[in-house]
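Residue numbers begin at 1 in each chain, while the letters A, B, ... track the order of the sequences.
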Number of protein chains: 2
Amino acid sequence: MCTWYLQVTSTKPGVMTETTQLTAAHRELIDQVFDKWSLQVLEALCEKPSRFNELRHAIPTVTQKSLTATLRRLERNGMIERVIISSRPIAVEYRITSLGGTLEDLIDALLHWSTAHMPAVQRARARFDDETPPPHDASS
Amino acid sequence: MCTWYLQVTSTKPGVMTETTQLTAAHRELIDQVFDKWSLQVLEALCEKPSRFNELRHAIPTVTQKSLTATLRRLERNGMIERVIISSRPIAVEYRITSLGGTLEDLIDALLHWSTAHMPAVQRARARFDDETPPPHDASS
DNA sequence: CCGTATCCATTCCGATACTG
DNA sequence: CAGTATCGGAATGGATACGG
């Protein structure tokens, strides 16, 4: 059983009365780093540094706007860095940072989990949808 | 370096021409299981089976509506199960399933990652916000 | 007690147009 | 090439009221 109260060793005595609980800030970080687009951007940048339009091509369903927002957010959180290659015309490369690199194993585990258990999930969905049919009563 | 093209051994020859790439379905599953509320619900249910109002109390910021939606989604994906204890007045208990239990290590890793690297993230944010101050030009 | 239904505010997101 | 600005529709989420 997991407890979800993480033991964090503090060098300052008296600062933490008990074990450190997860705060809203931790949740926020997880949300920002593991959301839909961020995950795909990080995957791509783990493979190789990429230009803006390379990323757009690698993630066909993302829009300019969302990609820009995602890149800024990841940059702000220190996961990626924005490197200006040349400026006429401007060329920008995005790279994963060493901090962002600590995510690699985690993302890898996430992706493997999803593929490993997808069949079971689909069975569960089929059963659920079968037991709970969509409500419509016009001709029942 | 990670490749993000997962090797899935198939018993049916010819079905997969190459390695299996992540599909939109995989992303959707990850989004549904690792989103904001789902994560907290799964944490709580990993600790112990809980009633509806217990969960509301354990996650103070969630509303009825969002909690219900999250529980239904997790149930549909086979991560949790809904057990009716008694029916006058109705009492319901939510429990993690064995499929949902496969998430425990993953969630644990996620939470540990967030606490381990939070200081570095905060430094990165401070630097970013410092270099990119909020734009206002009325009195510049 | 455990929800569903409804209304409403806010936020998100895609499409489009425009700039250095 | 790599964005920013703006707009409108869609989805989300909270508050409230009601039901089995």
Side-chain N or O of [X] closer than 4.0 Å to phosphate OP1/OP2 of [N]:
{"X": "B:R82", "N": "C:dG3", "value": "yes"}
{"X": "B:S66", "N": "D:dG14", "value": "yes"}
{"X": "A:R51", "N": "D:dC1", "value": "no"}
{"X": "B:R56", "N": "C:dG3", "value": "no"}
{"X": "B:R72", "N": "C:dG3", "value": "yes"}
{"X": "B:Y94", "N": "C:dG3", "value": "yes"}

Just the rounded figure in Å: distance from [atom2] of [N] to [atom1] of [X].
{"X": "B:H57", "N": "C:dC1", "atom1": "NE2", "atom2": "P", "value": "13 Å"}
{"X": "A:W37", "N": "C:dC12", "atom1": "CH2", "atom2": "P", "value": "15 Å"}
{"X": "B:D35", "N": "D:dT12", "atom1": "CG", "atom2": "P", "value": "10 Å"}
{"X": "A:D31", "N": "C:dC12", "atom1": "CG", "atom2": "P", "value": "12 Å"}
{"X": "B:R88", "N": "D:dG20", "atom1": "CZ", "atom2": "C1'", "value": "9 Å"}
{"X": "B:N53", "N": "C:dC1", "atom1": "CG", "atom2": "P", "value": "6 Å"}
{"X": "B:I59", "N": "D:dG14", "atom1": "CD1", "atom2": "P", "value": "12 Å"}
{"X": "B:Q64", "N": "D:dG19", "atom1": "CD", "atom2": "P", "value": "15 Å"}

**Request:** For the residue pair A:V83 and A:Y94, establish whether any side-chain heavy-atom pair is separated by less than 4.5 Å.
**Result:** no
**Message:** With heavy-atom distances below 4.5 Å as the criterion, would you say the side chains of B:I96 and B:M79 are in contact?
**Reply:**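 Contact flag for B:I96/B:M79 side chains = no.
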**Asked** Closer to the 5' end of DNA chain C via nearest nucleotide, is it A:T61 or A:I90?
**Response** A:T61
**Prompt:** DNA chain D: A:K65 or A:T68, which has the more 5' nearest nucleotide?
**Reply:**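 Whichever sits nearer the 5' end wins; that is A:T68.
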**Note: A:E54-A:K48 ion pair, threshold 4.0 Å (strictly below)** =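 Here A:E54 pairs with A:K48 in a salt bridge, since their nearest N and O are under 4.0 Å apart.
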**Asked** Would you call A:R95 and A:E93 a salt bridge, using N to O less than 4.0 angstrom?
**Response**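 Salt bridge: yes.
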**Request:** Applying salt bridge (Lys or Arg N to Asp or Glu O under 4.0 Å), run through A:E43 and B:R27 and close with a yes or a no.
**Result:** CA-CA 12 Å; A:E43 288 172 41; B:R27 317 254 179 222; 2.5 Å; yes
